[in-house]
Amino acid sequence: MGFLGNFVAPATLVAGLLFYFGYVSSRAYFSYFGIDVDLLRLSNQGFVMRSPGALLLPAIVVLSLSALLVLGHRVLRRWTSSSGEHARRAAVVFGALGAVLLFTGLVFAGVYGALRSWDASSFLTPLLLTAGAGFCAYAAAVSRSSRAERGGLGVVVLFVLVVAAGAFWTTATVAQSWGLGEARSQAADLSSLPAVVLDTRERLAPGNADITVQSLDEASAPVDAESGTQTYRYRYYGLRLLVEGGGRLYLVPDRWSADASTLVIPFDDSVRLRFRFFPDENPPV
């Protein structure tokens with residue numbers, strides 16, 4: 001337990017990482033619908049709650065690789081402990097492999113701007129840097145232990161820091177891709193969002209044929225008790241609630257299209273909402 005306690009991050013650090021990756025995935029998700037996530041004014045807890053989905057795949061991969069690396073280290077340790085020559089060979093092999101991967105990653109990072117059109121570059125670049133630095137750190141550690149030297153610890157620490165930075169970069173890229181993928185999946189089936197009937201005082205310009213507007217006549221429009229005038233004059237159908245935040249409602253059409261846009265409606269008395277039931281193939285009797 002003492003060994004684990006030295007490596008388990010404090011709760012504040014874990015919460016900070018969850019917040020960051022939740023922010024990255026949420027930013028990619030809402031940007032797909034033309035919304036700056038900062039306008040939503042989501043709480044820290046809101047971003048943390050959005051992070052597990054983005055971190056699930058990286059966590060599974062990291063834990064699986066960690067288990068394999070531990071097993072591989074035990075096997076290699078038995079082989080290198082029998083002979084100093086074996087340890088030197090292992091250090092050379094891992095060092096050469098790490099140097100090649102690290103150099104390739106640095107080349108990719110140097111021309112990162114030119115490779116932005118290649119989607120895989122944003123993931124491959126930090127992955128190469130992480131793997132290369134990891135192999136180099138392991139090679140330096142094996143060489144240091146085989147020679148029973150006290151020096152060389154600084155080199156190992158520097159490579160480990162590169163591994164940490166690369167892993168952070170890689171995970172952030174995965175979180176961004178996950179948010180974009182979730183947005184595309186949601187856009188493919190906007191009918192899964194809550195259906196909204198919107199009444200407004202002033203006429204809006206939805207800019208989409210899927211959103212229909214109905215002018216309310218005097219018989220159907222609500223009347224303000226004090227002034228005796230109609231409160232809401234227009235009713236809109238074909239809207240779905242994407243999110244609520246910062247005192248505003250963000251509504252999207254029933255179906256995604258290239259000319260569609262997100263309506264931003266103040267969440268106050270200037271509008272009236274009705275949420276419709278979801279269609280049920282087996283409705284209650």
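All values reported here derive from a predicted model rather than from experimental measurement. Note that the numbering runs from 1 along the sequence shown for the chain.
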Show the numbers, then the answer: is there a side chain to side chain contact (heavy atoms under 4.5 Å, CB included) between Leu124 and Leu128?
-> CA-CA 6 Å; Leu124 188 60; Leu128 287 172; 4.0 Å; yes

Would you sort out whether Tyr138 and Phe159 count as a ring-ring contact (aromatic ring centres under 6.0 Å, His included), showing the intermediate values?
-> CA-CA 9 Å; Tyr138 189 75; Phe159 280 129; over 10 Å; no

With side chain to side chain contact (heavy atoms under 4.5 Å, CB included) as the test, would you mind laying out the steps for Leu198 and Thr200 before giving the verdict?
-> CA-CA 7 Å; Leu198 174 68; Thr200 63; 3.7 Å; yes

Would Trp169 and Leu127 satisfy side chain to side chain contact (heavy atoms under 4.5 Å, CB included), going step by step from the backbone distance to the final call?
-> CA-CA 8 Å; Trp169 184 1; Leu127 187 62; over 6 Å; no

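Smallest separation of non-hydrogen atoms from Gly166 and Pro126: O-CB, 3.8 Å. Of all heavy-atom pairs between Tyr29 and Gln186, the closest is OH-CG, 3.4 Å. Minimum interatomic distance between Phe275 and Pro194 (heavy atoms only, all atoms of both residues): CD2-CB, 4.2 Å. Across all non-hydrogen atoms, the minimal contact from Tyr232 to Ser270 is CE2-O, 3.6 Å.
Val162 and Val156 end up in different hydrophobic clusters when Ile, Leu, Val, Met, Phe, Trp and Tyr side chains are linked at under 4.5 Å. Under a hydrophobic-cluster definition in which Ile, Leu, Val, Met, Phe, Trp and Tyr are linked whenever side-chain heavy atoms come within less than 4.5 Å, directly or via other members, Val271 and Leu39 are assigned to different clusters. Under the 4.5 Å side-chain contact rule for hydrophobic residues, Leu102 and Val155 share a cluster. Tyr20 and Trp178 are assigned to two separate hydrophobic clusters, defined by single-linkage of ILVMFWY side chains at heavy-atom distances under 4.5 Å. Linking Ile, Leu, Val, Met, Phe, Trp and Tyr residues whenever their side-chain heavy atoms come within less than 4.5 Å places Val243 and Val264 in a single cluster.
Considering Val196, Leu193, Leu249 in turn, Leu193 is the only one that fulfils the side chain to side chain contact (heavy atoms under 4.5 Å, CB included) rule with Leu242.
Counted within 6.0 Å of CG on Asp269, heavy atoms from surrounding residues, nucleotides or ligands total 12 or fewer; the atom is thus considered open. Residue-environment remark: CD (Gln45) stays at or below the threshold of 12 foreign heavy atoms within 6.0 Å. Enclosure of atom CZ in Arg255 is not indicated, since only 12 or fewer non-hydrogen atoms of other residues, nucleotides or ligands lie within 6.0 angstrom.
Taking the six-membered ring for Trp and the full ring otherwise, Tyr250 and Phe267 have centroids separated by 6.0 Å or more.
For the pair Val197/Tyr237, a side-chain contact is recorded, criterion being any heavy-atom separation below 4.5 Å from C-beta on. With contacts defined as side-chain heavy-atom distances shorter than 4.5 Å, the pair Leu239/Val252 does not qualify.
Electrostatic pairing of Arg27 and Asp38 counts as a salt bridge here, judged by a charged N lying under 4.0 Å from a carboxylate O.
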